Amino acid sequence: IDPTLMPGSLMLISSLLPIATLIKERDQIDWRGLPWAFPGRFVGTALGAWLVVVASVTTLSVVIALVVLAAAALSVVRWKPQPTSANLLIASTISGIGATATSVGGPPIALVYQHQPPAVLRCTLAVYFLVGNLVSLATLLAVGHLSARQSLFGLIFIPFLVVGFAISLLLRRRLDVTKTRSLVLVISAVSSVALLIRAAL
């Protein structure tokens, strides 16, 4: 809706969601995989910060759309990556670039863990996103691309994040996971195409 709020606003609130997740559950963290994920995230963060400095809002809009479309496409193919050291290094580097440049850093690393037990997925990604987002925010601040307006909107979004998390706790066991996943993929793809069209006009 407003690419000028990217990536700071969404990164601020997405740093709070992992905290809520870890308060609820934290006993299924993949401590063997995380040490391989963090180095890639730090390298990707530096590359993402460079992209934010040199790219225009239109360019970032196209990058956001392509990252989400690519993630959606990979999610529907019969590809079942495992959280090996090599996969985690590659995925976390791409994740760091996407998170810092566009605030869309979740899909690459989530794809690697998508076939793990749900509790492992939630707990491990919560730790990864918490540390990674804080590093990305500090990097954006250092290069002068975390504006006061982005920070203000990040604060405005917090109550909605809290309400959404509360609702998710109530619905977690009642939703059809397959149908919900399909709906998310369709919405993501449609929004990305719309963003590409707007960037082209």
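Remember, it's a predicted structure, so these values are computed and weren't measured experimentally.
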What one should report as the nearest heavy-atom pair of Y113 and G33 is OH-CA, 3.8 Å
Heavy-atom pair of closest approach, residues H145 and Q150
O-OE1, 3.4 Å
Closest non-hydrogen atom pair, A99 against P7:
O-CB, 3.8 Å
Evaluate the side-chain proximity of Q28 to P117: yes if any heavy-atom separation is below 4.5 Å, no if none is.
no
Salt bridge (charged side-chain N to carboxylate O under 4.0 Å, His left out) pairs, two or more places apart, involving residues 142-154
D2-R149
Go through D30 and L34 one step at a time and tell me if the side chain to side chain contact (heavy atoms under 4.5 Å, CB included) criterion holds.
CA-CA 6 Å; D30 178 20; L34 282 173; 5.5 Å; no
Salt bridge (charged side-chain N to carboxylate O under 4.0 Å, His left out) partners of residues 116-141, not counting sequence neighbours, each pair once
E25-R122
Whichever hydrophobic residues join I94 through chains of side-chain contacts under 4.5 Å
I90
The reported gap from CG in L125 to CG in L130 (rounded to nearest 0.5 angstrom) is 12.0 Å
Sequence neighbours excluded - side chain to side chain donor-acceptor pair (under 3.5 Å) pairs with any residue from residues 9-20:
S14-N133
State plainly whether one hydrophobic cluster holds both W31 and L121, where clusters connect Ile, Leu, Val, Met, Phe, Trp and Tyr through side-chain heavy atoms under 4.5 angstrom apart.
yes
Tracing side-chain links under 4.5 Å among I, L, V, M, F, W and Y, which residues wind up in one group with I97?
V43, L47
Atom CG of L16 and atom CG of L155: how far apart are they, to the nearest 0.5 Å?
9.0 Å
Verify same cluster id: V120, I29 (apolar side-chain graph, 4.5 Å)
no
Establish whether L17 and L169 are linked, either directly or via other cluster members, by ILVMFWY side-chain heavy-atom contacts under 4.5 Å.
yes
Can you tell me how far the CG atom of N87 sits from the CH2 atom of W36, to the nearest 0.5 Å?
12.0 Å
Count I, L, V, M, F, W, Y as connected when their side-chain heavy atoms are under 4.5 Å apart, and connections chain through other members. Are I19 and F160 then in the same cluster?
no
For residues C123 and L22, report the shortest heavy-atom separation together with the two atoms involved.
O-CD2, 3.9 Å
If you round to the nearest 0.5 Å, how far is CD1 of I158 from CZ of F153?
13.5 Å
How long is the straight-line distance from CZ of R41 back to OG1 of T100, given to the nearest 0.5 Å?
5.5 Å
Heavy-atom pair of closest approach, residues S92 and G40
OG-CA, 3.3 Å
Other than L141, what residues sit in its cluster of Ile, Leu, Val, Met, Phe, Trp and Tyr side chains whose heavy atoms are under 4.5 Å apart, directly or through others?
M11, L12, V52, L137, L140, L146
Nearest-0.5 Å distance that lies between atom CD1 in I109 and atom CZ in F129
7.5 Å
